[in-house]
Engineer: 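Got a structure for you, written out below as structure tokens; questions coming shortly.
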Number of protein chains: 2
Amino acid sequence: MSYTDASSAPSLPQSPCVPDPRGSVLRSLFSGRSCHYRHKEHLFLEGDSCAGVFLITSGRVIVYTVTLNGQRQVQSFAGPGDLLGLNFSGLHTTSAEALGDVTADMMPRCVFDRVLQTSDGFRKAIFERIDQMMEAARNQNTLLGCKGALEKTATFLMDLDARFSNGGPSYVPIPMSRSDIADFLGLTLETVSRMLSRLKSQNVIDLPKANCFRILDRRGLYRIAGVEVERIRKCPL
Amino acid sequence: MSYTDASSAPSLPQSPCVPDPRGSVLRSLFSGRSCHYRHKEHLFLEGDSCAGVFLITSGRVIVYTVTLNGQRQVQSFAGPGDLLGLNFSGLHTTSAEALGDVTADMMPRCVFDRVLQTSDGFRKAIFERIDQMMEAARNQNTLLGCKGALEKTATFLMDLDARFSNGGPSYVPIPMSRSDIADFLGLTLETVSRMLSRLKSQNVIDLPKANCFRILDRRGLYRIAGVEVERIRKCPL
DNA sequence: CGTTCAGTTGATACACGTCAATAGTGGTGG
DNA sequence: CCACCACTATTGACGTGTATCAACTGAACG
């Protein structure tokens with residue numbers, strides 16, 4: 001009923017080295033009320049009525065669903081430029097929680113629907129975003145269905161770097177906990193920790209603290225992640 | 001870039017006992033050229049340029065992607081009323097292959113775009129379908145990330161029944177191979193076979209032949225699948 | 001009546017989960 | 001500034017679910 005989820009935050013989906021700043025077009029067309037959230041505050045909960053669509057302007061958001069037996073599946077990690085709560089039924093089908101301070105623009109449903117109807121550019125931008133979200137969901141399915149623990153972890157770091165590094169040699173923050181990562185990758189937090197340690201001991205990444213890292217051997221990481229060689233070509237190192 | 005995938009065929013996503021005949025509204029608004037495909041014939045391949053959008057009118061289609069190392073992830077099984085190839089970038093990001101005879105209406109991209117712009121009803125129907133697709137992708141993520149082999153298999157049968165049974169006591173066909181099911185559920189074909197045998201020996205399902213089944217103990221199956229009790233209430237038996 | 005291919009079933013291996021102990025890390029108060 | 005606490009991450013030992021490898025069975029077809 002919504003694609004609030006999996007993909008609102010294309011969950012680090014784009015190929016690395018893509019120049020397009022995420023949501024630039026969309027942001028210029030998106031008119032909403034600015035909202036602020038603190039660490040662990042929810043933007044919305046599964047089952048809430050859906051007041052409007054959120055465009056994240058800063059910070060990170062974790063998007064998840066919970067199963068009957070209390071297991072949590074993290075659908076995506078959203079960042080600046082990502083859409084949340086984009087659904088056409090009335091209720092949110094995921095929960096969204098701030099990881100640290102977050103600001104977002106909230107566009108009421110009625111406004112959203114109207115602009116969608118009247119603005120070709122807006123509609124085009126939304127559909128493009130939906131494409132990205134579906135692509136991200138597909139990739140996540142493949143990751144969960146086909147990949148092993150090390151492969152999953154490497155893919156996660158790769159996407160995190162592609163999405164949130166400034167391109168320079170600086171360290172990339174890891175704003176989510178091991179448990180969050182585990183629930184995203186379909187692993188346990190212990191396994192995530194072990195795989196990170198393994199990548200570190202193999203000198204593929206540098207991990208000076210638990211919450212930030214840097215890629216040391218890009219080709220190595222990409223190979224472990226099972227990514228196409230073409231992508232490696234396009235990237236530095 | 002497209003949601004040709006995971007969800008074009010909400011992959012048996014809807015809750016059972018929902019009266020709405022899938023795609024009824026959409027079908028009346030959808031004007032396309034009728035196409036026919038035989039068993040194992042492809043509607044399109046990953047990387048093909050995307051000529052238009054397909055609305056399946058009869059038969060079943062398997063939608064999948066292939067990873068670098070040759071593994072296949074089945075994104076969905078599509079049936080009558082499902083949309084395929086709905087993407088706004090130019091290229092298909094999944095492959096779609098007929099399981100037995102298939103008929104579909106193909107609406108060229110340019111027509112699709114125009115109608116989307118001019119018809120409010122069509123746009124609404126498409127967005128509703130996108131909602132369903134995203135929901136299906138989310139559910140699939142949860143299934144792949146959180147569930148065990150027996151749970152996955154039970155969920156699959158449940159969805160298959162909800163989507164393709166006529167509601168009566170007759171047997172539901174299983175048009176895809178064990179290997180197809182395995183690639184959909186992130187298992188091996190051997191494990192799928194074992195889980196089916198288990199459900200059969202527990203008298204939860206009847207499986208007289210490999211390619212059709214019937215639910216004997218609906219509540220039992222739903223409990224194994226990890227589905228909410230409310231849903232069980234709504235259903236016979 | 002073979003041949004072929006999909007499915008089933010069995011034996012074994014291994015990846016990852018589980019349980020448990022240890023080590024960091026950040027915050028608060030003396 | 002150090003001591004203490006709470007919490008998260010790491011590491012280790014062990015168990016188990018599912019993959020892997022392999023043999024067997026059954027159905028479709030010539």
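Convention: sequence-line order gives letters A, B, ...; per-chain numbering from 1. Scope of the values below: all heavy atoms of this structure, side chains included, with no hydrogens, waters or symmetry mates.
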Engineer: If I take atom CE in residue A:M176 and atom P in nucleotide D:dA9, what distance separates them, rounded to the nearest angstrom?
Structural biologist: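 After rounding, the gap between these two atoms is 11 Å.
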Engineer: Which nucleotide in the list C:dT9, D:dT11, C:dC16 gets nearest to the side chain of B:S193?
Structural biologist: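 Selected nucleotide: C:dT9.
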Engineer: Closest-nucleotide mapping onto DNA chain C: is A:P208 or A:T191 further toward the 5' terminus? I mean the 5' end.
Structural biologist: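 Comparing both residues, the 5'-ward one is A:T191.
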Engineer: Base, sugar-phosphate, or nothing for B:S177, non-hydrogen atoms under 4.0 angstrom?
Structural biologist: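 If one applies the 4.0 Å heavy-atom cut-off, B:S177 turns out to touch the sugar-phosphate alone, with no base involved.
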Engineer: What is the distance from CG of B:L187 to P of C:dG7, rounded to the nearest Å?
Structural biologist: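 Rounded to the whole Å, the gap is 15 Å.
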Engineer: Can you measure A:I174 atom CD1 to D:dA9 atom C1' for me and round it to whole angstrom units?
Structural biologist: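 About 12 Å, once rounded to whole Å.
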Engineer: For a quick test of reading the model: is some side-chain N or O of A:S197 closer than 4.0 Å to OP1 or OP2 of D:dT11?
Structural biologist: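 Indeed, a polar side-chain atom of A:S197 lies that close.
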Engineer: Take a 6.0 Å sphere around CZ of B:R198 and say whether it holds more than 12 heavy atoms from other residues, nucleotides or ligands.
Structural biologist: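 Incorrect, the count does not exceed 12.
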Engineer: Whether the A:R138 and B:T93 side chains hold a donor-acceptor pair (N or O, under 3.5 Å, no angle test) is what I'd like checked.
Structural biologist: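 Their side chains do contain a donor-acceptor pair, which is all the 3.5 Å distance test asks for.
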Engineer: Please give, in whole Å, the distance from D:dT10 C1' to A:R198 CZ?
Structural biologist: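 Between C1' of D:dT10 and CZ of A:R198: 15 Å.
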Engineer: Go through C:dG17, D:dA19, D:dT11 for me and flag the one nearest to the A:E190 side chain.
Structural biologist: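 Ranking C:dG17, D:dA19, D:dT11 by closest atom to the A:E190 side chain puts D:dT11 first.
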Engineer: Does B:R194 place a side-chain N or O at less than 4.0 Å from the phosphate oxygens OP1/OP2 of C:dT9?
Structural biologist: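 No, no such contact exists.
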Engineer: Return the value, rounded to whole Å, for the distance between atom NZ of A:K147 and atom P of C:dA15.
Structural biologist: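 It is 18 Å, rounded to the nearest whole Å.
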Engineer: Can you measure A:K40 atom NZ to D:dC7 atom C1' for me and round it to whole angstrom units?
Structural biologist: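 So the NZ-C1' distance, A:K40 to D:dC7, works out to 10 Å.
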Engineer: Name the orientation class of the two ring planes belonging to B:F54 and B:Y37 (parallel below 30°, tilted from 30 to 60°, perpendicular beyond 60°).
Structural biologist: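 Ring orientation of B:F54 relative to B:Y37: perpendicular.
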Engineer: Figure out the CG/C1' separation between A:L185 and C:dA15, and round it to whole Å.
Structural biologist: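 To the nearest whole Å, that distance equals 16 Å.
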Engineer: Classify the nucleic acid contact of B:T188 as base, sugar-phosphate or nothing, counting any heavy atom under 4.0 Å across all strands shown.
Structural biologist: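 Here B:T188 touches the bases of the nucleic acid.
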Engineer: Nearest to the side chain of B:A210, heavy atoms from C-beta on, is which of C:dC16, C:dG10, C:dG7?
Structural biologist: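 Of the candidates, C:dG7 comes closest.
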Engineer: Between A:D180 and A:Y64, do the side chains contain an N or O donor and an N or O acceptor separated by less than 3.5 Å?
Structural biologist: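 Side-chain D/A pair, A:D180 to A:Y64: absent.
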Engineer: Round to a whole Å and report the spacing from CG of B:L189 to C1' of D:dT18.
Structural biologist: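 These atoms are roughly 13 Å apart.
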Engineer: Does any donor atom in the side chain of B:Q73 or B:T67 lie under 3.5 Å from an acceptor atom in the other side chain?
Structural biologist: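 Their side chains do not contain a donor-acceptor pair, so the 3.5 Å distance test is not met.
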Engineer: Using a heavy-atom cut-off of 4.0 Å across all strands, would you classify A:L196 as base, sugar-phosphate, or nothing?
Structural biologist: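 Here A:L196 touches no strand at all.
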